[in-house]
Protein chains: 2
Amino acid sequence: MSKERVTLSHVAQRAGVSAMTVSRALRSPDKVSPALLRRIEKIVAELGYVPNPAARALASGRTNVIGALIPSVTNNVFSDVLRGIYAATEDGPFEVQLGNTRYSPLTEEKLLAVFLSQKPAGLIVTGIDQSPASRRMLEGASCPIVQIMEIGSGPIDMMIGFSHYDGAAAATRHLIETGSRFPAFVGARMDPRTQRRFAGFRDVCSAAGCFSMSRCVTTPTPSTVTLGTRLFADLVARHPEVDGVFCNNDDLALGILFEAQRRCIAIPEKLTVCGFNDLEMMAAAEPSITSVRTPRFAIGRRAVEMIVARLADPGPDTGRGAAERVDTGFELVARQSTARRPR
Amino acid sequence: MSKERVTLSHVAQRAGVSAMTVSRALRSPDKVSPALLRRIEKIVAELGYVPNPAARALASGRTNVIGALIPSVTNNVFSDVLRGIYAATEDGPFEVQLGNTRYSPLTEEKLLAVFLSQKPAGLIVTGIDQSPASRRMLEGASCPIVQIMEIGSGPIDMMIGFSHYDGAAAATRHLIETGSRFPAFVGARMDPRTQRRFAGFRDVCSAAGCFSMSRCVTTPTPSTVTLGTRLFADLVARHPEVDGVFCNNDDLALGILFEAQRRCIAIPEKLTVCGFNDLEMMAAAEPSITSVRTPRFAIGRRAVEMIVARLADPGPDTGRGAAERVDTGFELVARQSTARRPR
DNA sequence: CTGTTAGCGCTTTCAA
DNA sequence: TTGAAAGCGCTAACAG
């Protein structure tokens, strides 16, 4: 292991060919004679040559970086998406560059400027509520772009996700159908997707004549399980009649489960709890919690695949192919407790 | 917004100075006359100039990238670390490049080669069990390196973490002190840190004369809450006498909590459950679960700070300063259920 | 199938 | 405090 970094020309010299040939051998092996190819590969391995990505990017004006802007690295929802992105990236030439927008459109704007300056191969952005400036930047960008986790009209380029409104509506309908007469909403963070879930809840309740704004507790604070316990405590203090809760997400739902246990409020006999996203733990919960399953891993993976496909076949001369717009849907997972009741 | 990317010389031309001067103005504002500086800054803003990182990296042989290799993006433990890393980089010039090793030393090796080829400003690696090849690469690297999440002898460079063995030992002692006579261990994934936790459990139990290998259920499968329910089911089927469980992590502990509820095994009357890491949700759980709190966010943030500090002051001529080695410790969080018992 | 010539956008010298 | 020249390591566009 010498201190000298080995470059393309070192390899070329050793192989007795030009740097260009080595470059080709590495990028399009079929354009080089098999014998030479093997010789070059051997030397590359011997010397431990690793291409300098900066030089490559500078010379070619392109990178193998797929930028992914997500609102949170801690939220399980996005770590599943991320896992999908990494899974799809694993065997290809692409690298992922992660950007954490922390639910701030302004942060997203800044990150976008930085990311775009790197000439990424593609870009993944979360949601459909980009700021006007962000939208402008994205529309001016010359790489494939996928908006993920939501579905809506006017995509910037490609789009894959589902309707949060519909998901919430389905959950709320289930709540009412299983007998809830005084349904409540518990939400935190209140980002655009949460807002649309709330709208779904509100509209279904209104149509059923059981909407009450006073039974909706929300806060801009990020959701946590502990926050769920507190919001639920507030709720039952003001509305002991509540017999069903639709939660913005599973963390809050779990908090409500715990708080209900603590207060000996029987689930599902006296209270039905419904979450959103159907995180892994929901399948194990006792008492059971219904949730809306969202294909987060698949969305992440598919987003990368859509970019790769576009790169392979840019399509018509528009500079941007036909904009794919994939509605993944969701799945209401209704659960019943399987506990043996204590004697 | 023109299609043309704006470069340093565009800015220079507009300002009527040389590119070099603009470059200086941007990187060391104090080496340029104040009036000129302001003029340049204005033009930069007008033109929307963003430096080309590839060109910068190529010319300078350095980057502002801090590489972070972590075993999993989904595991809450590491997303907390990641959040700390991002928090510490937010206001500085550094960018984070994430690498997902998926608990594989081989994957880590490959990623390391790629990362090192980018001449990162610094590197964060998880744990102390790098493969020999990885260790060699890291030792040959010319940037600050921090091993995180564990503490041990023979650091490659810097190190920040805690003893998993001691953490597990403390938890096990607590289990025994609060009356467990037949303690069990439930573990999944069984990565090196899990192994050391197991060792801590084993040694404390052995010393207390209550170790039984048959009460230790483990699997190489990644931990999930659902897996916790299953492993616990296996355990009680074989050992109904178990009255305390130390879990490899909080996910398994939560699964055990749920399964115990399902089987109407009273916690903590008949069973004490202890997790590891003290994830946020543990504070809310009902019945309560004891856990070992680990400073994950702080470790991530501090790791970046250590790198930045080293970069600012490389220290003696050794090329590598005195290797800091920080033991963050951990905190046993013993909890008691606060439920009102049902009438 | 292989080589030559430029040059990507920036920074490092060194000089003024 | 500012500028000129050279080149980082690689690839595009042509030649052969």
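Every chain is numbered from 1 and lettered A, B, ... according to where its sequence line falls, protein lines coming before strand lines.
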**Prompt:** For DNA chain C, which nucleotides open and close the run of contacts to chain A, 5' to 3', at under 4.0 angstrom from a non-hydrogen atom?
**Reply:**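 Taking any atom under 4.0 Å from a heavy atom of chain A, the span is C:dC1 to C:dG9.
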
**Message:** Output the rounded distance in Å from CG (A:Leu8) to P (D:dT11).
**Reply:**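 A:Leu8 atom CG is separated from D:dT11 atom P by 6 Å.
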
**Request:** Would you kindly give the CD-to-P distance between A:Gln13 and D:dG9, to the nearest whole Å?
**Result:**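 Result: 13 Å.
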
**Request:** To the nearest 0.5 Å, tell me how far B:Ile307 CD1 sits from B:Cys143 SG.
**Result:** 7.5 Å

**Asked** What is the distance from atom CD1 of B:Ile299 to atom CD1 of B:Ile148, rounded to the nearest 0.5 Å?
**Response**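 One finds 7.0 Å between CD1 of B:Ile299 and CD1 of B:Ile148.
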
**Asked** Taking atom CZ of A:Arg62 as the centre, does the number of heavy atoms from other residues, nucleotides or ligands within less than 6.0 Å exceed 12?
**Response** no

**Asked** So does A:Asp91 have more than 12 non-hydrogen atoms from other groups sitting under 6.0 Å from CG?
**Response**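 No, CG of A:Asp91 has 12 or fewer neighbouring heavy atoms, counting only those of other groups under 6.0 Å.
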
**Complete:** Tightest non-hydrogen contact, residues A:Thr107 and A:Thr101, listed as CB-O, 3.4 Å

**Request:** Measure across B:Ile160 and B:Thr328 and return the closest heavy-atom pair with its distance rounded to 0.1 Å.
**Result:** CG1-CG2, 3.6 Å

**Message:** Looking at B:Ser23 and B:Ala19, would you say the former's side chain and the latter's main chain have a donor-acceptor pair under 3.5 Å?
**Reply:** no

**Request:** Only one of A:Val125, A:Asn75, A:Leu98 passes side-chain contact (heavy atoms from CB on, under 4.5 Å) with A:Ile70; say which it is.
**Result:**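 Passing option: A:Leu98.
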
**Item:** Contact list for DNA chain C against residues 50-59 of chain A - heavy-atom distance below 4.0 Å
**Value:**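 Heavy-atom contacts with DNA chain C come from A:Leu58, A:Ala59.
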
**Request:** Output the residues of residues 19-36 of chain A in contact with DNA chain D, where contact means a heavy atom of the residue under 4.0 Å from an atom of the strand; sort by number or write none.
**Result:** A:Met20, A:Ser23, A:Arg27

**Asked** Taking 4.0 angstrom as the limit, do A:Arg189 and A:Asp191 come out as a salt bridge?
**Response** no

**Exercise: do A:Thr63 and A:Gln118 side chains pair donor with acceptor under 3.5 Å** =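 Checked: A:Thr63/A:Gln118 side chains show no N/O donor-acceptor pair below 3.5 Å.
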
